[in-house]
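Report on the following structure.
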Amino acid sequence: MIISWNTTYECNLRCKHCYRDAGEKKKGELSKEEGFSLLEELAHAGFKIVIFSGGEPLLRKDIYELIAKAKSLGLKPVLGTNGTLLTEGVARNLKEAGIERIGISLDSIDSSCHDEFRQRKDAYQSTLAGIEDCKNARLEFQIHTTLMDFNEGNLERITDLAVKVGARAHHIFFIVSVGRAMQNARCKIQNVKLYEEILHRILAKQREVEIELKPVCAPQFVRIAKEMGLETRFQRGCLAGISYCCVLPEGHLHPCPYLPISCGNIREKGFFEIWKTSEVFKRLREQDYSGKCGVCGYKKVCGGCRANSLQYSGDYLASDPWCSYRQVSRN
């Protein structure tokens, strides 16, 4: 059971793909006290992992208190950052607060490509410096890469860099067209065949490295891993609304960060009630998909990307248009 809490819209970068269109802090973001109440409800609901994200969560002045609260409740706190605000002091404070791992964005082996995409001249060097600060503080970290047309040919080399700098994992995010990604054609792999080929490449690379590789928002990887005879700890692709959800800065609850369907606001009903009674969550858990996703033999382990289905058809239970698999179950 995992939840991603977008703690703020505020960010020091203006990345071209940002699903939250982050930048300025907005009025009405959850207060520290509301955050404490949310964390208590998460523990009560049986959640295990809380991801502090944004925007840029390090811009919240109370982020260390929120992390410490999560830790005190028995939750596993982790954090996603663009990496440019990391210093040895920040890394040490995160570790002391109880953070167990952070995800750091790194999109290229070429500094100019990374900087242009993140829209800050020194983003690449600042991020690498932040990684060194994490290592010095003995703070566990992993690398997050957003897959785009300019870096897909170098994914394996980015994995090699992740290994070199001491990351525990390399997670590769397949873009869903929401937020600023809707206006940037480079933020989406346009060819379904290439999409499948990239997944095969990532899993082939997994055989060569000891750190964990995971495609994100590409649930077909679970099916491909099984076809390749590759054992992973991941038993299902899309978790949206089943064992995963997202809280927005102002309290709206979505099935995942890329599936913009509000199931309710925790200020009005409370997290636990929405999680248990939302009709959207109920339908996602029933997995009554239409089209080929509904009859696919890998339905229970893949599930298709519900966010892609919504984006392309307007129906979050429709077939995932980015799946090229054709075999269906006869049951």
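Owing to the predicted nature of the structure, the values given are computational and were not obtained by experimental measurement.
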Let me check something: any side-chain donor-acceptor pairs from residues 89-98 under 3.5 Å, sequence neighbours excluded? List them with distances.
residue : atom : partner : partner atom : Å
Asn93   : ND2  : Gly89   : O            : 3.3
Lys95   : NZ   : Arg138  : O            : 2.9

Would you give me the side-chain donor-acceptor pairs under 3.5 Å for residues 158-173, sequence neighbours excluded?
residue : atom : partner : partner atom : Å
Thr159  : OG1  : Leu155  : O            : 3.3
Thr159  : OG1  : His170  : ND1          : 2.7
Asp160  : OD1  : Lys205  : NZ           : 2.9
Arg168  : NH1  : Glu140  : OE1          : 2.5
His170  : NE2  : Thr145  : OG1          : 2.8
His171  : ND1  : Gln142  : NE2          : 3.2
His171  : NE2  : Glu212  : OE2          : 2.8

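Side-chain contact of Glu56 with Thr81: a donor-acceptor pair under 3.5 Å is present, judged by distance alone. Using modelled atom types, one finds a donor on one side chain and an acceptor on the other under 3.5 Å when comparing Asp320 with Gln220.
Once rounded to the nearest 0.5 Å, the distance linking SG of Cys11 with NZ of Lys25 reads 14.0 Å. Distance check, rounded to the nearest 0.5 Å: CG of Asn12 to CZ of Arg118 gives 10.5 Å. Between atom CG of residue Asp149 and atom CG of residue Asn191 there is a gap of 12.5 Å, rounded to the nearest 0.5 Å. In this structure, OG1 in Thr87 is found 11.0 Å from CG in Asn136, a value given to the nearest 0.5 Å. Annotation: the span from Phe281 atom CZ to Ile261 atom CD1 amounts to 10.0 Å, rounded to 0.5 Å. Distance NE2/His254 to OG/Ser278: 10.5 Å, rounded to 0.5 Å.
Looking at Glu40 and Lys69, a side-chain N of the basic residue comes within less than 4.0 Å of a carboxylate O on the acidic one, giving a salt bridge. Glu250 has no carboxylate O lying under 4.0 Å from a charged side-chain N of Lys26, or vice versa, which leaves the two without a salt bridge. Between Lys71 and Glu100 there is a salt bridge, with a side-chain nitrogen of the basic residue lying less than 4.0 Å from a carboxylate oxygen of the acidic one. Between Asp133 and Lys135 there is no salt bridge, since none of the side-chain N atoms of the basic residue sits less than 4.0 Å from a carboxylate O of the acidic one.
By the criterion of side-chain heavy atoms lying less than 4.5 angstrom apart, applied directly or through intervening Ile, Leu, Val, Met, Phe, Trp or Tyr residues, Tyr9 is not grouped with Tyr258; the two fall into different hydrophobic clusters. The hydrophobic clustering, which links ILVMFWY residues whose side-chain heavy atoms are closer than 4.5 Å, places Phe52 and Leu85 together. Using a 4.5 Å cut-off between side-chain heavy atoms of Ile, Leu, Val, Met, Phe, Trp and Tyr, with links allowed through other members, Ile143 and Leu13 fall into different hydrophobic clusters. By the criterion of side-chain heavy atoms lying less than 4.5 angstrom apart, applied directly or through intervening Ile, Leu, Val, Met, Phe, Trp or Tyr residues, Leu73 is grouped together with Leu42 in one hydrophobic cluster.
Among pairs with a residue in residues 205-231, those fulfilling ring-ring contact (aromatic ring centres under 6.0 Å, His included) read Phe221-Phe234, at least two apart in sequence or across chains. Within the structure, ring-ring contact (aromatic ring centres under 6.0 Å, His included) contacts touching residues 61-106 (residues at least two apart or in different chains) do not occur. Under the salt bridge (Lys or Arg N to Asp or Glu O under 4.0 Å) criterion, the residue pairs touching residues 256-268 are Glu34-Arg267, with sequence neighbours excluded.
Residues Cys245 and Pro255 have side chains not in contact (no heavy-atom distance under 4.5 Å, counting atoms from C-beta outward). Under the 4.5 Å side-chain criterion, counting only non-hydrogen atoms from C-beta, Ile175 is in contact with His17. Contact annotation: the side chain of Arg201 approaches that of Glu156 to within less than 4.5 Å [non-hydrogen atoms, C-beta and beyond]. Between Leu248 and Trp5, the closest side-chain pair of non-hydrogen atoms is not below 4.5 Å. Counting only heavy atoms from C-beta outward, the side chains of Ile242 and Gln287 approach each other to under 4.5 Å. Put simply, the side chain of Val247 does not reach to within 4.5 Å of the side chain of Ser4, judged on heavy atoms. Using a 4.5 Å heavy-atom cutoff, the side chains of Cys134 and Ile104 are in contact. Contact annotation: the side chain of Trp322 never approaches that of Cys305 to less than 4.5 Å [non-hydrogen atoms, C-beta and beyond].
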Going through the checks in order, is the side-chain hydrogen bond (donor to acceptor under 3.5 Å, both in side chains) test met by Ser177 and Gln311? CA-CA 7 Å; Ser177 295; Gln311 177 65 31; 5.1 Å; no
What verdict does the side chain to side chain contact (heavy atoms under 4.5 Å, CB included) test give for Asp288 and Leu317, after you've listed the backbone C-alpha separation in whole Å, the side-chain angles of each residue and the deciding distance to 0.1 Å? CA-CA 7 Å; Asp288 187 18; Leu317 295 175; 5.6 Å; no
Under the side chain to side chain contact (heavy atoms under 4.5 Å, CB included) rule, what do Tyr316 and Leu284 come out as? Steps first, then yes or no, please. CA-CA 9 Å; Tyr316 63 92; Leu284 286 167; 3.7 Å; yes
Given the rule in the salt bridge (Lys or Arg N to Asp or Glu O under 4.0 Å) test, do Glu116 and Lys16 qualify, once you have shown the distances and angles that lead to the verdict? CA-CA 9 Å; Glu116 192 273 337; Lys16 293 186 175 182; 2.3 Å; yes
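Judged purely by atom type and a 3.5 angstrom limit, Arg180 has no side-chain atom pairing as donor or acceptor with the backbone of Tyr19. Of the possible polar contacts, one joining the His114 side chain to the Asp107 backbone as a donor-acceptor pair under 3.5 Å is found. A distance-only check finds a donor-acceptor pair linking the side chain of Asp115 to the backbone of Tyr124 [under 3.5 Å]. Distance alone, capped at 3.5 Å, is enough to place a donor-acceptor pair between the Glu41 side chain and the Phe271 backbone. One N or O on the side chain of Ser319 and one on the backbone of Ser290 form a donor-acceptor pair closer than 3.5 Å. Judged by distance alone, with hydrogens and angles left aside, the side-chain atoms of Arg14 form no donor-acceptor pair with the main-chain N or O of Asp21 at under 3.5 Å. The backbone N or O of Asn82 sits less than 3.5 Å from a side-chain atom of Thr127, completing a donor-acceptor pair. Using a distance-only test at 3.5 Å, with no hydrogens or angles considered, no donor-acceptor pair links the side chain of Arg157 to the main chain of Ser108. Looking at Lys76, its side chain never comes within 3.5 Å of a backbone N or O of Ala70 through a donor-acceptor pair. A donor-acceptor distance shorter than 3.5 angstrom exists from the side chain of Asn151 to the backbone of Thr146, with no hydrogens or angles considered.
Checked against a 6.0 Å centroid threshold, the rings of Phe47 and Trp275 count as neighbours.
Shown here for Pro219 and Cys302, the closest heavy-atom pair between the two residues is CB-O, 3.5 Å. Closest approach of Tyr325 and Arg223 over heavy atoms only: CB-NH2, 3.5 Å. Closest approach of Gly130 and Leu86 over heavy atoms only: CA-CB, 3.7 Å. Closest heavy-atom contact between Glu273 and Thr277: O-OG1, 2.6 Å. Between Ile274 and Leu253, the shortest heavy-atom distance links the atoms CG2-CD2, 3.4 Å. Here the shortest heavy-atom pairing between Gln206 and Leu213 reads OE1-N, 2.7 Å.
Across Asn6, Thr8, Thr7, a single residue satisfies side chain to side chain donor-acceptor pair (under 3.5 Å) together with Ser53, and that is Asn6.
Hydrophobic cluster of Ile51: the remaining members, joined at side-chain heavy-atom separations below 4.5 Å, are Ile2, Ile49, Val78, Leu239, Tyr244, listed by chain and number.
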